[in-house]
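A note on names: the letters A, B, ... follow the listed sequences, proteins ahead of strands, and every chain is numbered from 1. Any value given below was found using the heavy atoms of this structure, including those in side chains, with hydrogens, waters and symmetry copies removed.
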Amino acid sequence: MSEMILLRHREIPEIKNLAVYRQHGGFEAFKKAVVTLQPQQVVNEVKASGLRGRGGAGFPTGLKWSFIDKNNWPHYVVANADESEPGTFKDREIMEQNPYQFLEGVMICAYAVQANAAYVYLRGEFWQLAEELDQAIAELEKVGLLGDNIFGTGYVLRVYTHLGAGAYICGEETALLESLEGKLGQPRLRPPFPPSYGLFGKPTIVNNVETLANVPLIIEKGAAWYTTIGTERSPGPKIFSLCGNVNKPGNYELPLGTTFRELIFEHGGGIPGRRKVKAIMPAGASSALIVATEEALDTPMDYENVQKVGSTLGSASVIVIDDSVNIDWVINKTLHFFKHESCGKCTPCREGTYWMMHISDRISGGDAALEDLELLDDVAHNIQGKCLCALGEFSTMAVVSGIERFKSDFELKVLDGASQSQTAPEAEPVAAD
Amino acid sequence: VNALFEKYQNEIERVLAKYPPEQKRAAVMPLLYLAQSDRGYVTRLDLIEIGEILEISSTDVGSIVGFYTLYHDHPGGAHRIQVCNDLACALRGADEFLDQLCENLGIQVGETTGDGVVTVEAVMCLAACDKAPMFQVQDTQGIRYFENQTVESALALVQAWREGTPEPAGVVISPSVSDSKVEEVPAEIQAEHAAEEPVEVGSQPTGDDLPEANGEQNFEQKDADE
């Protein structure tokens, strides 16, 4: 892509400065919306753009906005800036470097659903970022872009930041809302969905940071322009967070539909030491592992095609794993993560992640039997479909796909452990904690 | 009303103004940060006082402290170095970094140095996967990131704390693709590699070719909130 749409700071370095952002058309879209468009027209334009949620689920954004309950007031907008998926670091860059585009997206969304208050829920670790956003919001209040009578139309809007405190689960929208209400971050039973029952029990639109950052340009340049980027069913640009065994990890803004090969080899500079790609996790730690065949590498990264190779695009956090890595170790890492991050509300997830982690520890420690592989797989399958939110499901994705697609890695580890314990039973005692 | 309110009246009123008046409870997390900024952890009295301000029970306030990892209910070192050693960071050497840092400081993960200056903890993903090894520092000043770290740079930071000198800069703002510390392969070779060398289908590991990161000791970490 010749011109950045989301990571515009890479071309306009001072864009985090309000004056510079405005020189480049900043807040013209917000003005256009508030002054010349009805809220419904804004919703329709976003709907027509085909923009899909960039936080992972890929739900059509305009459609979500249209679900807002117009018989229950007030309405709220909440920006999900809880970015916590291992492998994802895109929202942070947007907010740090191009904050006003993100905030303008929040503001347009608020106007579209007729909200007078919007919250940016940031993970607690984004402490410094929250301070910077507070300053940016103060700037907007100073120049009248936020406040009581925006553009003289009488429209009232205020934006507030709110810091979480270290909980992956709060990226799940209903857990986020609970957390914002000052409660434990545990998901709600859905339905009702947030557009009818959200923050403080009021209709609420929750959108990811990157999703919202797309909105100003859709309003400024129109849905027809937007759909020229990306694919028909997955239009628009996407930020791919690339990390793991790759020479140039980082964020890459590319059209949806770019292949894994282009991302990893052209942009990411290939694999250190000219090693081979063994597996790809396209949606961070919660994705099913893709076996990195030639065909898989040529797969376009959009919502539909990644599913065809047995995984999900999610938030497009691409973790590259080379052939020096044993997949049982990868699974063990993801299980330590999910065990720690399970909120404890649903028994299958709370207990299941605990048991999966311990079985995986046994395998990694060379202290397992081959039956443990079946047991691990069985526990994973007993979590699936039995939890209120997707975290339970996520915890099993790498496990099930890893065992299915890289079984010999696990068997090797198990057999290795068995042979070692026969020859040298006391070779390496486990260090006491 | 109480000591916490008296001390931070302006801040507390500013926080409460963010939420509808009948939804005071929403301020519990910001108020806990405020209380924690005094000594790096929250006390029983803090729970009671926050409960009084927000008209909720101190048990409810305590449950928030227990649930979220960034609140602490007992003292640690003056600075907490929280190293991410999740999957993505571990692929860039975070486990070895954490081990060596602890070894150099003469402590185990989760422990505090004898002089009380630093606690080292292993934490979950911090959204800086491309800049590992990395950690955040949590102390009474808040939270800040230190990215693309080496054991030496981390030890220099600890040294600065010990001597009371200014901290070395930590955050590499993330506008661009970071340079990898790993072996660089010239671009033309990369291109050739991409074009000609097929990637082995479902290649299997050799077993003895595993990164040292595979050792069980890497998982002897204590959860940061335990």
Side-chain angles (χ1 to χ4, degrees), chain A residues 9-10 83-84 86-89 92-93 96-97 124-125 127-128 160 163 165-167 180-182 184 200 243-245 247-250 265 269-270 272-274 276-278 285 291-294 297 319 323-324 326 329-330 333-334 336-337 340-341 361 364-365 408-409 412 416 430-431 433, chain B residues 18 20 23 25-30 32-33 54 63-64 67-71 86-88 90-91 124-130 136 142-144 173-178 180 182-185 189-190 193-194 198-205 207 209-211 213-214 216-217 219-220 222-223:
Chain A
H9 53 278
R10 298 204 180 164
E83 179 162 70
S84 303
T88 309
F89 42 89
R92 182 176 156 221
E93 179 171 347
E96 271 179 2
Q97 300 297 322
E125 292 82 353
W127 179 286
Q128 289 178 307
Y160 307 103
L163 275 175
L180 187 42
E181 291 179 3
L184 304 188
F200 308 130
C243 67
N245 297 129
N247 278 319
K248 289 195 271 179
F265 288 96
R274 300 185 64 185
K276 295 182 171 105
V277 188
K278 176 174 179 174
V291 181
T293 59
E294 288 299 292
L297 285 170
I319 304 177
D323 62 0
S324 69
N326 209 326
W329 174 82
V330 172
K333 277 287 183 192
T334 65
H336 275 259
F337 175 79
H340 182 270
E341 298 298 346
D361 279 352
S364 285
S408 60
D409 278 31
L412 206 82
D416 234 33
V430 177
D433 197 4
Chain B
K18 288 182 171 188
Q23 302 290 347
R25 184 187 175 131
V28 67
M29 292 172 74
L32 278 167
Y33 279 126
L54 302 180
S63 72
I64 299 293
F67 187 85
Y68 295 95
T69 58
L70 290 174
Y71 300 125
D86 246 330
L87 173 61
L91 288 168
M124 298 298 159
C125 187
L126 298 175
C129 319
D130 56 335
Q136 66 183 3
I143 296 167
R144 54 208 178 278
I173 302 288
S174 49
S176 59
V177 171
S178 65
S180 179
V182 293
E183 181 192 346
E184 278 291 342
V185 179
I189 298 180
Q190 281 296 337
H193 177 57
V199 175
E200 198 180 316
V201 177
S203 60
Q204 299 302 333
D209 195 18
L210 304 174
N214 236 346
E216 174 165 33
Q217 70 277 9
F219 299 117
E220 291 298 311
K222 270 172 130 174
D223 290 343

At their closest point, which heavy atom of [X] faces which heavy atom of [Y], and how far apart are they?
{"X": "A:His336", "Y": "B:Met124", "answer": "O-CE, 3.6 Å"}
{"X": "A:Gly87", "Y": "B:Cys125", "answer": "N-SG, 4.1 Å"}
{"X": "B:Phe67", "Y": "A:Ala167", "answer": "CE2-CB, 4.2 Å"}
{"X": "A:Ala165", "Y": "B:Tyr71", "answer": "CB-CE1, 3.4 Å"}

Return the [atom1] to [atom2] distance between [X] and [Y], rounded to the nearest 0.5 Å.
{"X": "B:Asp86", "Y": "A:Lys333", "atom1": "CG", "atom2": "NZ", "result": "7.0 Å"}
{"X": "B:Leu87", "Y": "A:Ile319", "atom1": "CG", "atom2": "CD1", "result": "4.5 Å"}
{"X": "B:Arg25", "Y": "A:Glu181", "atom1": "CZ", "atom2": "CD", "result": "9.0 Å"}

Residues two or more places apart in sequence or in another chain: which of them pass side-chain contact (heavy atoms from CB on, under 4.5 Å) with B:Ala26?
-> A:Phe200, B:Tyr19
Among the options A:Ala285, A:Ser84, A:Cys243, pick out the one with the most heavy-atom pairs lying under 4.5 Å from chain B.
-> A:Cys243
Results of side chain to side chain donor-acceptor pair (under 3.5 Å) for B:Gln136 - residues two or more places apart only = B:Gln82
Measuring heavy-atom distances to chain B, does A:Leu163 have an atom under 4.5 Å in its side chain, in its backbone, in both, or in neither?
-> both
Pair count under 4.5 Å, heavy atoms only, with chain A: among B:Leu126, B:Ile64, B:Ile143, B:Val28, highest is B:Ile143
Most heavy-atom pairs under 4.5 Å with chain A, out of B:Cys129, B:Gly142, B:Ser63, belong to B:Cys129
